[in-house]
Participant: 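What follows is a single structure, and I will ask about it in a moment.
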2 protein chains.
Amino acid sequence: MQSVWEALADPHRRKILSLLKGGEMSVSEIHAHFDFSGATLSHHLAKLKAAGLVITRRKGQQIIYGVHMSVFEEAAQAVSDMFRREEESP
Amino acid sequence: MQSVWEALADPHRRKILSLLKGGEMSVSEIHAHFDFSGATLSHHLAKLKAAGLVITRRKGQQIIYGVHMSVFEEAAQAVSDMFRREEESP
DNA sequence: TAGACATTTAGATAATTCTCTAAATAATAA
DNA sequence: TTATTATTTAGAGAATTATCTAAATGTCTA
């Protein structure tokens, strides 16, 4: 989970995740939403991938990124646990 | 909200928040749960405070920290928005 | 096969973060 | 007032991060 928290700490990476929640995208489609270089985008994507939050598949020359739903939902659970009050029990 | 995400990115700070969810504590009470110096703890507390996640009051020589509930709940909302699926509408 | 396109990797740099010790500030106790 | 306790601030060093350009890799098309 630590890598998930770190992945979410960066606003660019949260924006990438939000974009991907709307559906799969290639790297260049994602890149169109940002001002930094492709190498920098690649670095952010690698962090999201290391956290398990995204999955990739190749489609010809492109790499398609999508949210990894099972991990995303585990993360949602862990994060909401962080905010759950003590008195609320499962 | 950015400072909230940054505050939550560090495991020590998440642990501090968890401790405080169990009730208010002085700095030295919090310190008893960690191995690093008081100065380092102070740095982490300052980040939590900058994010608005905790509030403080003085009690004699001690500073008592507690979770700032209204901000904590706003943060919970923002975080859960991050994880909400597109198709789920409010 | 050669060249073009899409993406990642390597290597470098500047900025930020975590941590420490030492010093400063605030409140209490002797 | 002086000493003691609790906490924060200052200043510095090591580690990490975000970013860049250039080079490498993988795929497609002419």
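Chain A is the first sequence line, chain B the second, and so forth, proteins listed ahead of strands; every chain is numbered from 1.
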Participant: Do any side-chain nitrogens or oxygens of Ser42(A) fall under 4.0 Å of OP1 or OP2 in dT8(C)?
Facilitator: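 For dT8(C), OP1 or OP2 has a side-chain N or O of Ser42(A) closer than 4.0 Å.
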Participant: Hey, can you tell me if Phe34(A) and His12(A) have their rings parallel, tilted or perpendicular (30° and 60° cut-offs)?
Facilitator: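 Answer is perpendicular, since the angle exceeds 60°.
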Participant: Within this structure, what is the CG-to-P distance between Leu45(A) and dT8(C), rounded to whole angstrom?
Facilitator: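 After rounding, the reported distance stands at 6 Å.
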Participant: With respect to the phosphate group of dT7(D), does any side-chain polar atom (N or O) of Ser28(B) fall under 4.0 Å of OP1 or OP2?
Facilitator: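 Answer is yes, contact under 4.0 Å.
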Participant: Quick check against the 3.5 Å criterion: does Lys21(A) have a side-chain atom that pairs as donor or acceptor with the backbone of Met82(B)?
Facilitator: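 Side chain of Lys21(A) to backbone of Met82(B), a donor-acceptor pair under 3.5 Å: yes, one is there.
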Participant: Under 4.0 Å between a side-chain N/O of Lys47(A) and OP1 or OP2 of dA18(D), yes or no?
Facilitator: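 Answer yes for this pair, as a side-chain N or O of Lys47(A) is under 4.0 Å from OP1 or OP2.
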Participant: Could you tell me how far apart Arg57(B) (CZ) and dA27(C) (P) are, to the nearest whole angstrom?
Facilitator: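 It works out to 15 Å between those atoms.
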Participant: I want to check one thing: is the phosphate of dA6(C), taken as OP1 and OP2, less than 4.0 Å away from some side-chain N or O of Tyr65(A)?
Facilitator: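 So the side-chain polar atoms of Tyr65(A) never come under 4.0 Å of the phosphate oxygens OP1 or OP2 of dA6(C).
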Participant: Roughly how many Å is it from CG in Asp10(B) to C1' in dT16(C), rounded to a whole number?
Facilitator: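 Rounded to the whole Å, the gap is 13 Å.
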Participant: Is it true that Ser70(A) and His68(A) share a donor-acceptor pair across their side chains at a distance under 3.5 Å?
Facilitator: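 The answer is yes; a qualifying pair exists.
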Participant: Taking the side chain from His31(B) and the backbone from Phe36(B), do they hold a donor-acceptor pair closer than 3.5 Å?
Facilitator: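 Such a contact is found between His31(B) side chain and Phe36(B) backbone.
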Participant: State whether Ser37(A) places a side-chain N or O below 4.0 Å from either non-bridging phosphate oxygen (OP1 or OP2) of dC20(D).
Facilitator: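 Answer is yes, contact under 4.0 Å.
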Participant: If you take all heavy atoms of Ala75(B) and Val4(B), which pair is closest and at what distance?
Facilitator: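 Closest pair (atom of Ala75(B), atom of Val4(B), distance): CB-CG1, 3.8 Å.
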Participant: If you check the Thr40(A) side chain, which of dT19(C), dC20(D), dA18(D) turns out closest?
Facilitator: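 Closest of the options to the side chain of Thr40(A): dC20(D).
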Participant: Can you tell me if Lys59(B) touches the phosphate of dA27(C), counting only side-chain N or O atoms and a distance under 4.0 Å to OP1 or OP2?
Facilitator: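 Checking Lys59(B) against dA27(C): no side-chain N or O falls below 4.0 Å of OP1 or OP2.
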Participant: Nearest heavy atom decides the nucleotide; on that basis, is Ala39(A) or Glu6(B) closer to the 5' end of DNA chain C?
Facilitator: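 The residue mapped nearer the 5' terminus is Ala39(A).
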Participant: Whole angstrom is fine here: how far is it from CG in Leu41(A) over to P in dA18(D)?
Facilitator: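 The distance from CG of Leu41(A) to P of dA18(D) comes to 13 Å, rounded to the nearest Å.
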Participant: Once you apply a heavy-atom cut-off of 4.0 Å, does His44(B) come out as touching a base, just sugar-phosphate, or nothing?
Facilitator: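 It contacts sugar-phosphate atoms only.
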Participant: Quick check on dT7(C): is either OP1 or OP2 less than 4.0 Å from any side-chain nitrogen or oxygen of His31(A)?
Facilitator: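 Checking His31(A) against dT7(C): no side-chain N or O falls below 4.0 Å of OP1 or OP2.
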Participant: Give Gly60(A) one of three labels, base, sugar-phosphate or nothing, depending on what nucleic acid heavy atoms sit under 4.0 Å from its own.
Facilitator: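 Contact class for Gly60(A): sugar-phosphate only.
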Participant: Figure out the CE/C1' separation between Met25(A) and dT7(C), and round it to whole Å.
Facilitator: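 About 15 Å, once rounded to whole Å.
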Participant: Measure from NE2 on His43(A) to P on dG11(C) and round the result to the nearest Å.
Facilitator: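 These atoms are roughly 17 Å apart.
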Participant: Tell me: CH2 of Trp5(A) to P of dC18(C), nearest whole Å?
Facilitator: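 So the two atoms are 15 Å apart, to the nearest Å.
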Participant: Give the intermediate values and the outcome of side-chain hydrogen bond (donor to acceptor under 3.5 Å, both in side chains) for residues Glu73(B) and Gln77(B).
Facilitator: CA-CA 6 Å; Glu73(B) 280 163 10; Gln77(B) 187 56 52; over 6 Å; no
Participant: Has the side chain of Gln61(B) got a donor or acceptor that lies under 3.5 Å from a partner of the other kind on the base of dT28(C)?
Facilitator: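 No, the side chain and the base share no sub-3.5 Å donor-acceptor pair.
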Participant: Can you check the His12(B) NE2 to dT16(D) C1' distance for me, whole Å?
Facilitator: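 Those two atoms, NE2 and C1', are 14 Å apart.
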Participant: Does a side-chain N or O of Arg58(B) approach OP1 or OP2 of dA6(D) to a distance below 4.0 Å, or not?
Facilitator: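 So the side-chain polar atoms of Arg58(B) never come under 4.0 Å of the phosphate oxygens OP1 or OP2 of dA6(D).
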